[in-house]
Undergrad: 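One structure, pasted below without further comment.
In this text the structure is predicted, and so the values were computed from the model without any measurement. Proteins come first, then strands; the chains are lettered A, B, ... in the order of their sequence lines, and each starts at number 1.
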Number of protein chains: 2
Amino acid sequence: MEDNPMADILEATHRALCRHGYADLTIQDIAAESAKSKATIHYHYGTKEALFSAFLDYLYDQYTAQIDAASGETPLKHLHSLLDILLWNPTEPAKQAFQTAILEVKAQAPYDDSVQEQLIEFDAYLSDRLQAIIEAGIQAREFNDEVDPSTAADFLTTIIKGAHTRQVTVNHPPEHLSVPMTDYIQTYLLANDPAEAPPA
Amino acid sequence: MEDNPMADILEATHRALCRHGYADLTIQDIAAESAKSKATIHYHYGTKEALFSAFLDYLYDQYTAQIDAASGETPLKHLHSLLDILLWNPTEPAKQAFQTAILEVKAQAPYDDSVQEQLIEFDAYLSDRLQAIIEAGIQAREFNDEVDPSTAADFLTTIIKGAHTRQVTVNHPPEHLSVPMTDYIQTYLLANDPAEAPPA
DNA sequence: GCCTTTTGACTAACTGGTTAGTAAGTACTG
DNA sequence: CAGTACTTACTAACCAGTTAGTCAAAAGGC
């Protein structure tokens, strides 16, 4: 399309992945989606494995950009903005197929060191960003300074990943997280003038 | 082995699943693991899909039994016992392969209604048991009666699933959950004589 | 002898990857 | 500018390997 065959193929991979899932993703599917022949895909990327590794790099850039797009006047608002992007946003059925395919890839990580290394970077980026927001909140005296930013960021990361997994496997809407998540932030993270502590 | 070919095949399926993973699980693998021929597997279970559906039923019984094995003198101890079983226990590398295979199955749920229905039962059983424990804790005045048992059980379920996903995909040890999880239970669930509230 | 269980041999479908070859554009050379 | 060499992009045809599922025949128990 845009006179860049390599990029075309990556975009076609994205579409084919959503349409067929990772387990059933064939070079032929990608070829069909890119209006090229199967051999052309091999010509540009060699093996299927090499293509997919390049695709994960391409996804990583999108992922970090999405996370960086979160913003807010205060650390608390920044945090909520990030949660919006990661939890309430991917409810759309269009992105649901993508979430499913990503979970398939995650499940393949233990069988493929290269994939696992790349997924670790995804995970670390999110966790690091969360930690930075929490540290900023503490510094601004908006968050409780007794909170350990690393532990709390790790906890939030686990919750987010759990929501994604349950959404894919049992169709559990991430909206259910809204109340307990807000409560957790309110009670744990915020620098409470010790007035009230409303539980879930 | 035990003069019950059907059961033998299910156990062989378990072993083959751990050894090869779900994506690479073939009837031939199961046959090899059961010391039977491929055709014999088909004779007893028909299609691969039917076999795997029966295998999930078999797993469900094990899963619920494992959850029911949790116990404690008080609801709080009961809850910690259950978390022990679900989080700190599956660290052993033997069970790690199994966790990985299960995540592969979870990722296939959206493509197979039958699998998804079965996985929903797994999820619901855990969430229901957690809810029952929380309700018992409230009734015993050990837990805060302002907590909504359904919401809290759902939150805990999501956290547990998130820990499993991260353990498989990025080798993240569930032990990291210990501190924030204990804090959450302490601060949220427990009926605090409003003395102290130590965050993470 | 009959009914269940088991098996080896086979097939149809599909997959990743290879190869020989085409077409079009670019760079170099005299 | 004409001709040649080289490169990029692409393709149809093909290959080797794998897999779920079938089937007729053999083995085993009662």
Undergrad: Figure out the CG/C1' separation between D24(B) and dT18(D), and round it to whole Å.
TA: 11 Å

Undergrad: Which one, dT18(C), dT7(C), dA20(D), comes nearest to the side chain of T26(B)?
TA: dA20(D)

Undergrad: Anything under 30° is parallel, anything over 60° is perpendicular, the rest tilted; go ahead and classify F155(B) against F155(A).
TA: perpendicular

Undergrad: Please lay out, stage by stage, how E11(A) and S34(A) fare under the test side chain to side chain donor-acceptor pair (under 3.5 Å).
TA: CA-CA 8 Å; E11(A) 287 169 27; S34(A) 67; over 6 Å; no

Undergrad: Taking the side chain as every heavy atom from C-beta outward, state whether Q96(A) and P110(B) have any pair of such atoms under 4.5 Å apart.
TA: no

Undergrad: Taking NZ from K38(B) and C1' from dT22(D), how many angstroms apart are they, rounded to a whole number?
TA: 9 Å

Undergrad: Only counting residues at least two apart or in another chain, list the ones meeting side-chain contact (heavy atoms from CB on, under 4.5 Å) with E135(A).
TA: Q131(A), P149(A)

Undergrad: Taking only heavy atoms on the protein side, list every residue of residues 43-52 of chain B lying under 4.0 Å from any atom of DNA chain C, sorted numerically.
TA: Y43(B), H44(B)

Undergrad: Nearest-nucleotide wise, let me know which of A39(A) and L25(B) is further upstream toward the 5' end of DNA chain D.
TA: A39(A)

Undergrad: What is the distance from CD of Q28(B) to C1' of dT18(D), rounded to the nearest Å?
TA: 11 Å

Undergrad: Tell me yes or no: between the side chains of D68(B) and Y63(B), is some donor less than 3.5 Å from an acceptor?
TA: no

Undergrad: Rounded to the nearest Å, what distance is computed from the NE2 atom of residue H42(A) to the P atom of nucleotide dG21(C)?
TA: 20 Å

Undergrad: Between R166(A) and D123(B), is there a side-chain N and carboxylate O pair less than 4.0 Å apart?
TA: yes

Undergrad: Main chain of A109(B), side chain of D112(B): is a donor-acceptor contact present, judged purely on distance under 3.5 Å?
TA: no

Undergrad: Which listed nucleotide (dT6(C), dC10(D), dG21(D)) is nearest to the side chain of T40(B)?
TA: dT6(C)

Undergrad: Return the value, rounded to whole Å, for the distance between atom CE of M6(B) and atom C1' of dT5(C).
TA: 13 Å

Undergrad: Please report, rounded to the nearest Å, how far the P atom of dG21(D) is from the NZ atom of K36(B).
TA: 19 Å

Undergrad: How many whole angstroms separate atom CD1 of I27(B) from atom P of dA13(C)?
TA: 19 Å

Undergrad: Rounded to the nearest Å, what distance is computed from the CD1 atom of residue I41(A) to the C1' atom of nucleotide dG16(C)?
TA: 13 Å

